[in-house]
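Okay, so here's the structure we're looking at.
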Amino acid sequence: MTTNFTGKFSDKKITIQADDLGTINYYSVEPESVDEESIFFMMRNRDIIGMNFGNADSINDPTNYLEIIVPENIIASDFFYFLTEELNQSGYSLNVDYKMTISAESTKVYQAYWKLILPLLRGFGLEIVQPKKVVAKPRHKYAKSLADVPFKINYNGSKATVYWVKRDQFVIKSGASLVAETPLTKAGIIGFAAKFGLRLRQEHETQIKDNVLISDITLRSVNEVGTFLYFAGTNGWLQLKSPEGKTLNELTVVK
């Protein structure tokens, strides 16, 4: 398939506007300003060293950046999550650890879109290859004996009692206090984790009053719990603590 495009370039940036496929920007320096709906690949030469939504912040000293501004028929935050899953399957440790539900119809659209823009991204140096070293994430095993344990969270102004009742069910008890202020990235915009937290809060808005949970809610993972309560930013497995003071990580990590 051939796609027509228009573009422009300078010594720091190349812009490709490809018909109905959105916009691809290549940067040889860190972008000065970004679109809050942009998806960024941070690269060192041709190696992917990070991926962000809505910002190009990185602690790994990238040498170049690729920005995807998706067309109107693509939901940017969902496509970002789709990409993390795609790269996970290739062996990268870029998973945001959030469980978003994307319909089969949308997945097909995202797969087709990714297939169309990938040759262009490769032209700018993006390579999807099996990394030489993949850092394995800790695995945690659920046990029925945990179902009655009231795990406490006290982090960054948020306080809550949480029960892990089933493998994919975490109950946050009413009375939990939520962090009120949405955190911003270094660029002064709302990042992916915060946007996902706002989405979770919107889904449960009738159960929240003045940043306090007024009835129990059930979420699907430790990361959803942390994102809902305090917009992530820390390892939730270390924040959930039993009455004896042991973290959920200590009680469940597979060694």
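This is a predicted model, so every value here is computed, not measured.
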If we count only N and O atoms by modelled type, under 3.5 Å, do the side chains of Thr218 and Gln169 hold a donor and an acceptor together? no
Set of residues satisfying salt bridge (Lys or Arg N to Asp or Glu O under 4.0 Å) with respect to Lys195, sequence neighbours excluded: Glu37
Distance (rounded to the nearest 0.5 Å) between Leu66 CG and Met42 CE: 11.0 Å
Considering all heavy atoms, the nearest Asn211-Val179 contact: OD1-O, 4.5 Å
Main chain of Thr252, side chain of Arg139: is a donor-acceptor contact present, judged purely on distance under 3.5 Å? no
Rounded at 0.5 Å granularity, tell me how far CD1 in Ile39 sits from CG in Leu83. 5.5 Å
Suppose we screen for side-chain hydrogen bond (donor to acceptor under 3.5 Å, both in side chains). Which residues come up paired with Ser103, at least two apart in sequence or across chains? Ser106
Looking at every non-hydrogen atom in both residues, tell me the closest pair between Gly157 and Ser177 and how far apart they are. O-OG, 3.7 Å
Listed by chain and number, what are the side chain to side chain contact (heavy atoms under 4.5 Å, CB included) partners of Asn235, not counting sequence neighbours? Trp237, Leu238
Side chain to side chain contact (heavy atoms under 4.5 Å, CB included) partners of Ile74, counting only residues at least two apart: Val70, Pro71, Phe79, Val109, Tyr110, Tyr113
Beyond-backbone contact of Ser38 with Ile69, side-chain heavy atoms, under 4.5 angstrom: yes
Between NZ of Lys8 and CD1 of Ile16, what distance do you get to the nearest 0.5 Å? 11.5 Å
Which atoms form the tightest heavy-atom contact between Ala232 and Tyr155, and what is the distance? O-CE2, 4.4 Å
Decide yes or no on side-chain contact (heavy atoms from CB on, under 4.5 Å) for Leu120 and Tyr26, but give the supporting numbers first. CA-CA 11 Å; Leu120 180 56; Tyr26 169 86; over 6 Å; no
Identify whether Val222 and Tyr142 are in the same connected component of the hydrophobic contact network (ILVMFWY, side-chain heavy atoms under 4.5 Å). yes
Lys152: which residues meet the salt bridge (Lys or Arg N to Asp or Glu O under 4.0 Å) condition with it, sequence neighbours left out? none
Would Val212 end up clustered with Ile153 when hydrophobic side chains under 4.5 Å apart are linked, directly or stepwise? no
Partners passing salt bridge (Lys or Arg N to Asp or Glu O under 4.0 Å) against Arg199 (at least two apart in sequence or in another chain): Asp78
How close do Ile48 and Met43 get, counting heavy atoms only, and between which atoms? CA-CG, 4.4 Å
Nearest 0.5 angstrom please: Glu67 CD to Tyr27 OH, how far? 4.0 Å
Phe40 meets the ring pair (Phe, Tyr, Trp, His ring centres under 6.0 Å) criterion, sequence neighbours left out, with none
Would Val254 end up clustered with Leu240 when hydrophobic side chains under 4.5 Å apart are linked, directly or stepwise? no
For atom CG of Asp210, decide whether the heavy atoms of other residues, nucleotides or ligands shown that lie under 6.0 angstrom number more than 12. no
Should Val162 and Leu219 count as side-chain neighbours, where that means a heavy-atom distance under 4.5 Å? no
Tell me, do Asp216 and Ile172 make a side-chain contact under 4.5 Å, heavy atoms counted? no
Excluding sequence neighbours, so at least two apart, what forms side chain to side chain contact (heavy atoms under 4.5 Å, CB included) with Ser10? Lys12, Lys13
Under the side-chain hydrogen bond (donor to acceptor under 3.5 Å, both in side chains) test, which residues partner Thr234, sequence neighbours left out? Gln239
Tell me every residue that passes side chain to side chain contact (heavy atoms under 4.5 Å, CB included) with Ser242, counting only those two or more places apart in sequence or in another chain. Val149, Phe151, Glu244, Lys246, Leu251
Heavy-atom count around Ile117 CD1 within 6.0 Å, excluding the residue itself: above 12? yes
Test Ile68 against Phe80 for side-chain contact (heavy atoms from CB on, under 4.5 Å), laying out the working first. CA-CA 10 Å; Ile68 304 173; Phe80 174 80; over 6 Å; no
Honestly curious: do Leu116 and Leu118 fall in one hydrophobic cluster under the side-chain, below-4.5 Å linking rule? yes
When every non-hydrogen atom of Leu87 is compared with those of Met51, the smallest separation belongs to CD1-SD, 3.9 Å
Taking only residues two or more places apart in sequence, or in another chain, which ones meet Asp168 in a salt bridge (Lys or Arg N to Asp or Glu O under 4.0 Å)? none
Cluster membership besides Val171, Ile/Leu/Val/Met/Phe/Trp/Tyr side chains within less than 4.5 angstrom, sorted by chain and number, is Tyr163, Val165
Could you grab the distance from atom NE2 of His140 to atom CD of Glu250, nearest 0.5 Å is fine? 10.5 Å
Give a yes or no answer on whether the side chain of Ser28 reaches the backbone of Asp11 with a donor-acceptor pair at less than 3.5 Å. yes
Side chains of Asn25 and Phe124: does their closest heavy-atom pair fall under 4.5 Å? no
Look only at the side chain of Thr84 and the backbone of Tyr81, and say whether a donor-acceptor pair between them is shorter than 3.5 Å. yes
The reported gap from OG in Ser158 to CG in Leu178 (rounded to nearest 0.5 angstrom) is 6.0 Å
Looking at Trp164 and Lys166, would you say the former's side chain and the latter's main chain have a donor-acceptor pair under 3.5 Å? yes
Do the non-hydrogen side-chain atoms of Phe53 and Ser77 ever get within less than 4.5 Å of each other? yes
Taking every heavy atom of Arg201 against every heavy atom of Tyr230, the minimum-distance pair comes out as NH2-N, 4.3 Å
Contact check, side chains of Glu181 and Phe231, non-hydrogen atoms, under 4.5 Å: no
